[in-house]
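Here is the structure we will look at, set down as structure tokens.
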Amino acid sequence: PYVNTKDILEKASEGFYAVPALNINNLEFLQAIIEAGLEESAPVIIETSEGAIKYAGNGNIMRGAKLFVDMVREYADTIDIPVALHLDHGKHFEYIIAAIKAGYSSVMIDASEHNFEENLSITKKVVEIAHSVNVSVEAELGRLVGIEDNVVVAAHEAALVDPDEAVEFVEKTGVDFLAPAIGTSHGAFKFKGEARLDFDRLKKVKERTGIPLVLHGASSVPQDIVELAEKFGADFKGAKGVPSEILKETVKYGINKVNTDTDLRMAFIAGLREFLAGNPTEFDPRKYFKVPKEYVKGLIKERMRLLGCSNKA
Ligand SMILES: O=C(COP(=O)(O)O)N(O)CCCOP(=O)(O)O
Ligand SMILES: [Zn+2]
């Protein structure tokens, strides 16, 4: 069934596990995600960024949002695992309102580049609107910056979440789940040196707010996938993600939604490059997208098990 993201995440928070939030831009990634959820009997959170909505709607925001709601609802209403659709990194009202109008389960208002007061007032406004039509809301405190080479430069320190602000922020905005910046960053090149996240801040935010928490920039960038893609012509030199054991630690300290996009992209491109190299005569997308989808599905199933949401549907 199609559910509210908040329902999935409150169960995860109570059960001390996490659910991957999986980004889509097209049909194939959605298919891989749904199949993985069914095979793992796990709850599924699908999310689309503003860029994905623009891409699917060819620039028409309402069309893009409606396309994703229709695709996801058609699947969700015909299977027995809970499925939610979330707007990821909503920064502009036209996307946030379009997502709410189209029928998204939840929206993120990402006002983290503003100062605390402005982030708070913008988030409060979105929560009032979204809650009036039973849509749940995610917000972000602090900014996504890698903790470079173990030296947490003062500037980065300032970018990380301030646990003292988190309580006031959650109380005054009524936000349903929160993304505290603890040292991750988007993409495949997250750390130059050793991967390090600020668990101390994470623990404090969880203790003080008690609400479901979100980790952005959480992809692991598995080396075997990187090597497979490079074997068939990719150049991902220096790619490094969040090691699995560190990801597991974040769940222990209160993370319940784990944003995962880069890993899906890496699995897909590795599978696609491998298949195309071995099948020069193939030109049917239903054939040449099959192996990439299998790689994406396999990675998602592993991640569901790592995060503890398998058999939690
Ligand atoms: O936190 C993440 C993904 O983190 P990852 O890169 O570690 O997978 N996300 O919110 C996904 C952001 C995708 O945005 P866009 O479609 O504009 O590229
Ligand atoms: Zn993100």
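For ligands, and for the atoms within them, numbers begin at 1 and follow the listed sequence. Just so you know, residue 1 is the first one in the sequence shown, and it goes up from there.
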What I want to know is whether [X] and ligand 1 share at least one N or O pair that is separated by under 3.5 angstrom.
X: N259; value: yes
X: A218; value: yes
X: G217; value: yes

So, [X] and [Y], do they make that salt bridge, N to O below 4.0 Å?
X: E274; Y: K231; answer: no
X: K124; Y: E128; answer: yes
X: D7; Y: K11; answer: no
X: D235; Y: K237; answer: yes
X: D164; Y: R208; answer: yes
X: K252; Y: E249; answer: yes

Only heavy atoms of [X], strictly under 4.0 Å: list the atoms of ligand 1 that pass.
X: H89; value: 10 (O)
X: K190; value: 5 (P), 6 (O), 7 (O)
X: S219; value: 5 (P), 7 (O), 8 (O)
X: D88; value: 9 (N), 10 (O), 11 (C), 12 (C)
X: H216; value: 1 (O), 10 (O)

Tell me which one of M108, E47, H186 gets a heavy atom nearest to atom 2 (C) of ligand 1.
H186
Under 4.0 Å, heavy atoms only, figure out whether ligand 1 is touched by the backbone of [X], its side chain, both or neither.
X: A188; answer: neither
X: S49; answer: side chain
X: L144; answer: neither
X: T262; answer: both
X: R265; answer: side chain
X: E50; answer: neither
X: D261; answer: both

Take K91 and E113 through the side chain to side chain contact (heavy atoms under 4.5 Å, CB included) test and state the conclusion after the steps.
CA-CA 10 Å; K91 288 193 187 303; E113 79 266 19; 4.0 Å; yes
How open is the angle at the Zn ion (ligand 2) from atom NE2 of H89 over to atom NE2 of H186, rounded to 10 degrees?
100°
Walk me through whether I129 and F93 qualify under side chain to side chain contact (heavy atoms under 4.5 Å, CB included).
CA-CA 11 Å; I129 296 165; F93 265 73; 4.1 Å; yes
Determine the interplanar angle of the H86 and F177 rings, folded into 0 to 90°, and report it as parallel if under 30°, tilted if 30 to 60°, perpendicular if over 60°.
tilted
Just say parallel, tilted or perpendicular for the rings of H89 and H216, cut-offs at 30° and 60°.
perpendicular
Identify the residue among E138, E140, E10 that makes a salt bridge (charged side-chain N to carboxylate O under 4.0 Å, His left out) with K257.
E138
Looking at the Zn ion (ligand 2), which N/O/S atom of H216 is the nearest one?
ND1
